[in-house]
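Note that the structure is predicted; figures quoted are calculated from it, not measured.
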Amino acid sequence: MAFDLAQAMANDTAVLHLKSAQGEPLTTKDAAGEDQPVTVTLYGPGSKQYQQAQMAAQRRVMVLMKKGKGDKRTPDERREDVAVLLADLTAGFTNLEYMGLQGRELAVAVYSEAKLGYIADQVNVFASDWANFTNGEQPA
């Protein structure tokens with residue numbers, strides 16, 4: 001019997017439980033005082049959103065090159081570019097508040113803040129790993 005490759009397709013999204021800079025899982029208390037995870041749902045490498053985000057990032061670099069700037073971005077400009085890319089890969093956050101923002105504005109603000117760089121780093125690594133977007137089981 002042949003292996004049915006359709007059973008091994010990656011999911012479009014996956015959930016990352018965010019960690020503190022010290023590596024501890026971030027949690028918040030709900031109304032009943034129970035710990036709730038702070039998570040981000042991300043689009044994975046097989047999703048249209050991921051592919052569109054990568055294309056948009058490449059276009060931004062190409063625009064810089066056409067202007068003769070090459071890749072002479074400042075560290076702040078680079079961080080902002082990464083923040084935009086990661087925001088494009090973010091479907092949403094759960095149990096996270098920052099500056100009263102929501103949606104894409106929240107994502108860009110979180111990923112742009114240098115002092116929260118450990119969050120952008122986690123998201124960047126997680127989103128690029130195909131294994132995070134599979135069920136982790138070898139199909140029978």
Heavy atoms of A83 and V108 approach each other most closely as CB-O, 4.0 Å

For F126 and V15, the nearest pair of non-hydrogen atoms, with its separation, is CZ-O, 3.7 Å

dist T27:OG1 -> E34:CD (nearest 0.5 Å) comes out at 11.0 Å

Walk me through whether L18 and V40 qualify under side-chain contact (heavy atoms from CB on, under 4.5 Å). CA-CA 7 Å; L18 294 172; V40 58; 3.9 Å; yes

Kindly indicate whether the side chain of Y98, heavy atoms from C-beta on, has any atom under 4.5 Å from the side chain of L116.
yes

- Under 4.5 Å between side-chain heavy atoms, hopping through other hydrophobics if needed: is there a path connecting L106 to Y118? yes

To the nearest 0.5 Å, atom CG of N11 lies from atom CG of N132 at 11.0 Å

| request: Would you indicate whether the side-chain heavy atoms of K19 and Q122 approach each other to under 4.5 Å? | output: yes

* To do: With the side chain counted from C-beta on, respond yes when L16 and V123 share a heavy-atom pair under 4.5 Å apart, and no when they do not.
  => yes

Interatomic distance, CZ@R59 vs CD@Q52, rounded to 0.5 Å, equals 8.5 Å

* Under the 3.5 angstrom rule, does the side chain of E113 hit a backbone N or O of K115 as a donor-acceptor pair? -> yes

ask   = If you group Ile, Leu, Val, Met, Phe, Trp and Tyr by side-chain heavy-atom gaps below 4.5 Å, do L5 and F133 land in one group?
value = no

For the pair L86 and L89, evaluate side-chain contact (heavy atoms from CB on, under 4.5 Å) and give the outcome as yes or no after the intermediate values. CA-CA 5 Å; L86 296 179; L89 299 179; 4.2 Å; yes

Taking every heavy atom of R60 against every heavy atom of D81, the minimum-distance pair comes out as NH2-O, 4.0 Å

Here the pair of heavy atoms bringing A53 nearest to D88 is CB-CB, 3.4 Å

Check your understanding: Where do V38 and T94 land on the side-chain contact (heavy atoms from CB on, under 4.5 Å) test, with the steps shown first?
Key -> CA-CA 6 Å; V38 176; T94 304; over 6 Å; no

**Study point:** Donor-acceptor under 3.5 Å (S112 side chain, A109 main chain)
**Key:** no

| Do L96 and V110 touch side chain to side chain, with heavy atoms closer than 4.5 Å? | yes

CG (D35) and OG1 (T28) are apart, to the nearest 0.5 Å, by 8.5 Å

Heavy atoms of P45 and Q51 approach each other most closely as O-NE2, 3.6 Å

In this structure, CG of D129 is separated from CG of N124 (nearest 0.5 Å) by 11.5 Å

Any sub-3.5 Å donor-acceptor pair from H17's side-chain atoms to P25's backbone N or O?
no

Next on the checklist: I'd like to know whether N95 forms a side-chain hydrogen bond (donor to acceptor under 3.5 Å, both in side chains) with Q36, so could you lay out the CA-CA distance, the side-chain angles of the two residues, the decisive distance to 0.1 Å, and finally the verdict.
Outcome noted: CA-CA 7 Å; N95 299 318; Q36 296 297 315; 4.7 Å; no

*Under a 4.5 Å cut-off applied to non-hydrogen side-chain atoms, are M65 and V61 in contact?*
yes

(request) Could you check if a side-chain atom of L85 sits within less than 4.5 angstrom of a side-chain atom of Q54, using non-hydrogen atoms only? (result) yes

side-chain hydrogen bond (donor to acceptor under 3.5 Å, both in side chains) between T90 and Y111: does it pass, once the steps are laid out?
CA-CA 11 Å; T90 300; Y111 301 139; 2.8 Å; yes

For the residue pair T74 and E77, establish whether any side-chain heavy-atom pair is separated by less than 4.5 Å.
yes

Cluster question for you: counting only ILVMFWY and a side-chain heavy-atom cut-off of under 4.5 Å, with indirect links fine, are V125 and Y43 together? no

In short, R104 meets V84 closest at the heavy-atom pair NH2-CG1, 3.6 Å

